[in-house]
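We count ligands from 1, going down the list as the structure has it; atoms in each ligand are counted the same way. Quantities reported herein were computed from a predicted structural model and do not represent experimental measurements.
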Amino acid sequence: MFDAIIVGGSYAGQSAALQLARARRNILVMDDGQRRNRFASHSHGFLGQDGSDPAVIAETARAQLLAYPNVTWLADRAESAERLENGFEVMGRSGTRHQARTVVLATGIRDGLPDIPGLAERWGRAVFHCPYCHGYELNVGRIGVLAVSEISMHHALMLPDWGTTTFFINEAFEPTGEQLAQLAARGVAVERGKIRALESDPVDVVLEDGRRIALDGMFTATKTEISSPIASQLGCDLADGPTGRFIRTDEMKATSVPGVFACGDAARAAGNVAMAVGDGAMAGAATHRKLMFG
Ligand code: FAD
Ligand code: MG
């Protein structure tokens, strides 16, 4: 029986694992290698690693983590989990079963992208969700915001700080007079034409009426989904965020199920690498406390 099984071995999971490894606990990390930012070649805003390749950040962390002999790494998907009398059992996709006294869920989220031809190919290269991550590199250029619903007002009102902003409504909602006034006050141009496709490099918006609007970059909200059903299987409470559900935790990253902790994107309404690392460290320390004191 392990002291802890950490499901998800990216930034949040590895950060939790590192604390537990250093507390000399026997831990298992299960990871199937689907980091949320795997589409991007540069990661920004994480102190000390600004502009680094996000894969290199994760791989460097993993090499340091695997230097601890009490860490076991399993490249497998955790398919399901259940509560035992004195802990938990996690089943791997490859048919393996693993028991532990505690579980840390660091499974991240999946981004459901708007269904527009050419968008998926540009995700993480010219189309983004987070202005703090990718806005600066657009050099105060031509920026598009693609509406998915009224929640995109928030994006549209932010982006003028990063460049000349056009808000593509794309029939996703109808702005009120008050919203149009807010957009005008921020200098946002409103484009109501329906989008046919995204094309070219870095990104042109091609409208149904044939017009083509060249941009340096585009921002849009995604429909987010917790990457794994394990939180639900274990009975953890979920919460509703603006783009999707996430695992509810307290300030020590404990879920509603005793012995189960959650961290990173899976456990917050919106997150980034720095927050995942911070959450993970907190979850690791809280898990250790649970192992020591019950
Ligand atoms: P993730 O990094 O998503 O990792 C979750 C891990 O869990 C994955 O390895 C996955 O395979 C694994 N997993 C999930 N379910 C299971 C399971 N059942 N069994 C086993 N393993 C499982 N943030 C920044 O700070 N700066 C940026 O520049 C930046 N750029 C981004 C660009 C793009 C295109 C996107 C989409 C996001 C970007 N982000 C950026 C956000 C950043 O990717 C996330 O905040 C961060 O990855 C969250 O870390 P995490 O550990 O919580 O989850
Ligand atoms: Mg993780």
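Comparing Ala274, Pro229, Cys130, Gly271 against atom 41 (C) of ligand 1, the shortest heavy-atom distance belongs to Gly271. For atom 31 (C) of ligand 1, the nearest non-hydrogen atom from the set His134, Gln49, Arg268 belongs to His134. Considering each of Arg77, Met30, Glu79, the one bringing a non-hydrogen atom nearest atom 15 (N) of ligand 1 is Arg77. The nearest non-hydrogen atom to atom 33 (C) of ligand 1, considering only Leu74, Val90, Asn37, comes from Asn37.
Considering backbone and side-chain N/O of Asp31, one or more are found under 3.5 Å from N/O of ligand 1. Between Ala78 and ligand 1, an N or O atom pair is found at a separation short of 3.5 Å. The shortest N or O to N or O distance between Ala12 and ligand 1 is under 3.5 Å. At a 3.5 angstrom cut-off on N or O pairs, Ser10 counts as close to ligand 1. Checking only distances, Ser227 never comes within under 3.5 Å of ligand 1, N or O to N or O. Polar contact with ligand 1: absent for Ala40 (N/O pair, distance under 3.5 Å). By the 3.5 Å distance cut-off applied to N or O atoms, Ala276 is not counted among the residues near ligand 1.
Using modelled atom types, one finds no donor on one side chain facing an acceptor on the other under 3.5 Å when comparing Thr102 with Thr287. Between the side chains of Gln179 and Glu150, a donor-acceptor pair is found at a separation under 3.5 Å.
Between the OG1 atom in Thr96 and the NE2 atom in His98 there is a gap of 3.0 Å [rounded to 0.5 Å].
Heavy-atom contacts of His44 reach the following atoms of ligand 1: 24 (C), 25 (O), 26 (N), 27 (C), 28 (O) (cutoff under 4.0 Å). Ligand 1 places these atoms under 4.0 Å from at least one heavy atom of Gly124: 34 (C). Annotation for ligand 1: atoms under 4.0 Å from non-hydrogen atoms of Arg36 are 1 (P), 2 (O), 3 (O), 35 (C), 36 (C), 43 (O).
Under the 4.0 Å criterion applied to side-chain N and carboxylate O atoms, Glu225 and Arg245 are not assigned as salt-bridge partners. Remark: Asp76 does not engage Arg93 in a salt bridge, criterion side-chain N to carboxylate O under 4.0 Å. A salt bridge does not link Asp31 to Arg77: none of the charged side-chain nitrogens sits closer than 4.0 Å to a carboxylate oxygen.
Checking side-chain atoms of Thr255 against main-chain N and O of Val257 turns up a donor-acceptor pair under 3.5 Å.
Partner of Phe219 under the ring-ring contact (aromatic ring centres under 6.0 Å, His included) criterion, out of Phe167, Trp123, Phe128: Phe128 alone.
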